[in-house]
Structures are given as C-alpha cells and as structure tokens.
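Read the structure below first, then the notes.
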Amino acid sequence: MNTDKILQLKKKIDLNRIPKHVAIIMDGNGRWAKERFLPRTSGHQEGVKRVVDIVEVATKLNIKYLSLYAFSTENWKRPKNEIESLMKLLVQYLREKLDKIYKNNIKIQTMGDLSKLPIIVRKEVEKAIKKTINNSGMVLNIALNYGGRDEIICGIKKILEDVRLGKLKEEDIDGEMFSNYLYTQNMPDPDLLIRPSGELRLSNFMLYQVAYTEFWFSDVYWPDFKEEHLYEAIIDYQKRKRRFGGI
Ligand code: IPE
Ligand code: IPE
Ligand code: MG
C-alpha cells in the first residue's frame with residue numbers, strides 16, 4: 001500500500017474512539033519463512049521487527065494497553081532450537097529497545113509464568129519492568145509462557161488460599177473479584193483482539209478476558225503485518241455495535 005493510501009486510511013480512524021486495550025496473537029512467522037525457503041527463525045526475526053513497528057504505531061494512536069502473545073504454555077512442544085531462538089530474540093529485543101521504550105514513556109508488563117523461563121530471559125524482563133515501572137504512557141503487556149487455562153487455574157488456587165487464610169469470603173467472589181486474581185488484574189479487558197495468519201482460533205489466549213472482545217482476523221502473516229492492517233482493524237472495530245448483552 002502506498003503512503004497516500006495509508007494516510008487516507010488513517011484519516012478514517014475516529015481518534016476519540018480508539019480501543020483502549022488491543023491484544024494481538026502474533027502468528028504466521030513460520031509460514032512466512034517457509035514461503036521464502038528460509039528457516040523458521042528468520043520468520044521470528046522478521047516478526048520482532050513488526051513488534052517494534054506496531055508498538056510505535058500503537059503509541060502514536062494513544063492505545064493505552066497493547067497485549068502481545070509472544071510465547072504460549074503450549075509452545076514448549078516446539079523443537080528445542082526454535083524455543084532457544086525465540087528466547088534469544090526476546091532478550092535481544094529488550095536489550096536493544098529498552099532505552100527507546102523507556103523514553104517513549106511505555107510501561108512494560110508481562111503475563112504468564114515467568115518462573116519457567118530461562119534465567120537470562122527473566123533477568124532482562126525484570127530489568128525492563130523495573131526500569132519502566134513509573135512510566136505513564138502505553139502499557140506494553142507481553143504474554144510469556146502464558147496460557148488462558150493456566151491463568152484461570154492459578155487464579156482459582158490463589159482464591160482458595162485467600163479463603164483458607166481468611167482474607168476473602170466465599171460470598172465475595174464474583175466476576176470482578178475473579179479478575180483481580182488474573183495476570184491482567186490492573187488492566188481492562190481487551191476491546192479488540194487481532195489475529196493474523198489466517199487461523200480462526202484463540203489458541204488459549206486470554207480466555208476469561210475476551211468474553212466481550214471484538215475479534216479481527218486477517219490472512220497476512222505477522223511478519224507482513226503493517227500499520228495499515230492495524231488501521232483497518234481499528235476502522236472495522238469502530239463500525240461495530242457492542243451490546244454486552246444489552247439491546
Ligand atoms: C508465531 O508464529 C510465533 C510464536 C508462536 C512464538 P509461528 O511460529 O506460530 O508461525 P506459524 O504459525 O508456524 O506460521
Ligand atoms: C499462538 O500461536 C501463540 C503465539 C502467537 C505466541 P500458535 O502458533 O502457537 O497457535 P496454534 O498452535 O496454531 O493454535
Ligand atoms: Mg503459529
């Protein structure tokens with residue numbers, strides 16, 4: 001798409017109704033690479049470049065929360081060398097971009113069980129969280145070793161413990177209270193969920209939080225995902241009528 005067309009598209013966005021929380025299942029890196037006879041890791045490398053681009057575009061659009069699915073609890077099933085290269089890319093991304101992220105007033109958060117990640121990844125992630133903790137701009141929420149079912153089960157266990165300790169009464173447990181036991185406790189539910197790559201599924205992403213989220217699917221692979229795709233998703237989102245069960 002040429003610059004003129006992208007600008008025209010951008011103008012169609014109502015800046016007063018930007019989704020507050022956008023979540024993206026970054027998918028299709030492997031197929032992107034395969035089509036080019038490249039190793040899957042090249043797809044992941046290219047995918048990281050799109051993370052950099054989309055974070056910048058999202059910041060400019062004043063999106064308040066951007067959640068990115070980077071590694072699922074099921075992705076451990078992949079070959080060891082692919083997992084290693086994904087972890088390396090994450091470390092590299094944080095090392096190279098943390099200063100810029102910090103300067104752009106972005107706050108880094110994560111969701112998922114970080115304890116299972118290699119120590120080098122954990123260290124870099126913890127450093128990024130700590131450095132950006134007082135930033136007040138966009139929250140960049142990275143899902144790492146994240147699974148929606150795992151999150152719900154962990155939440156239930158924490159609730160049971162708090163009930164046992166007398167910190168919580170059973171009758172006080174409701175939907176809102178339950179949200180406080182999830183990784184996303186300090187975030188609103190996603191307004192818009194984007195999945196590129198042509199797959200029409202959630203793959204265990206934010207199962208509890210997406211109850212009333214608007215979905216937007218696209219056939220482009222994540223390494224081909226450009227600012228215009230984000231604009232298209234938002235324009236489409238703004239045309240929809242969200243009823244939340246009402247009329
Ligand atoms: C998404 O791309 C990256 C991660 C899951 C970490 P994939 O690696 O799943 O790419 P495809 O789906 O095989 O094309
Ligand atoms: C979802 O993609 C996980 C991430 C993008 C991190 P997958 O590629 O793992 O999902 P499936 O296996 O196609 O459902
Ligand atoms: Mg995939």
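Order of appearance sets the numbers: ligands from 1, and atoms from 1 within every ligand.
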Practice item. Write out the residue and atom name of the closest protein heavy atom to atom 6 (C) of ligand 1, then the distance separating them to 0.1 Å. Key: Ala70 O, 3.2 Å

Check your understanding: Using a heavy-atom cut-off of under 4.0 Å, does the side chain or the backbone of Lys77 touch ligand 2, or both, or neither?
Key -> neither

Review point. From Glu199, does some N, O or S atom reach closer than 2.8 Å to the Mg ion (ligand 3)?
Key: no

Practice item. Provide the atom name of the closest N, O or S atom of Asp27 relative to the Mg ion (ligand 3). Key: OD1

Review point. By number and element, which atoms of ligand 1 are closer than 4.0 Å to a non-hydrogen atom of Arg31?
Key: 11 (P), 12 (O), 14 (O)

Check your understanding: So, does His44 sit close enough to ligand 1 that a heavy atom of it is under 4.0 Å from the ligand?
Key -> yes

**Study point:** Asp224 and Trp32, any side-chain heavy atoms less than 4.5 Å apart
**Key:** yes

**Study point:** ligand 2 N/O within reach of Ser72 N/O, cut-off under 3.5 Å
**Key:** no

Exercise for review: Could you tell me if any non-hydrogen atom of Gly28 lies under 4.0 Å from any atom of ligand 1?
Suggested key: yes

Check your understanding: Is ligand 1 under 4.0 Å from a heavy atom in the side chain of Lys34, in the backbone, in both, or in neither?
Key -> neither

Review point. Does any N or O atom in Trp32 lie less than 3.5 angstrom from one in ligand 1, N or O only?
Key: no

Review point. Without hydrogens or angle criteria, can the side chains of Ser42 and Arg36 be said to hold a donor-acceptor pair below 3.5 Å?
Key: no

Exercise for review: Of the side chain and backbone of Met26, name the one, both, or neither that has a heavy atom under 4.0 Å from an atom of ligand 2.
Suggested key: backbone

Check your understanding: N/O to N/O below 3.5 Å, does that happen between Asp27 and ligand 2?
Key -> yes

Review point. Is Glu199 close to ligand 2, meaning an N/O of one under 3.5 Å from an N/O of the other?
Key: no

Revision key, fill the gap. Atom 8 (O) of ligand 1 sits nearest the protein heavy atom Arg78 NH1, 2.7 Å

Check your understanding: How about atom 10 (O) of ligand 2: does it have a protein heavy atom within less than 4.0 Å?
Key -> yes

Check your understanding: Is the CZ atom of Phe178 crowded by more than 12 outside heavy atoms at less than 6.0 Å?
Key -> yes

Practice item. Taking the six-membered ring of Tyr181 (Phe, Tyr or Trp), confirm whether the NZ or CZ of Lys158 is under 6.0 Å from its centre and within 45° of its axis. Key: no

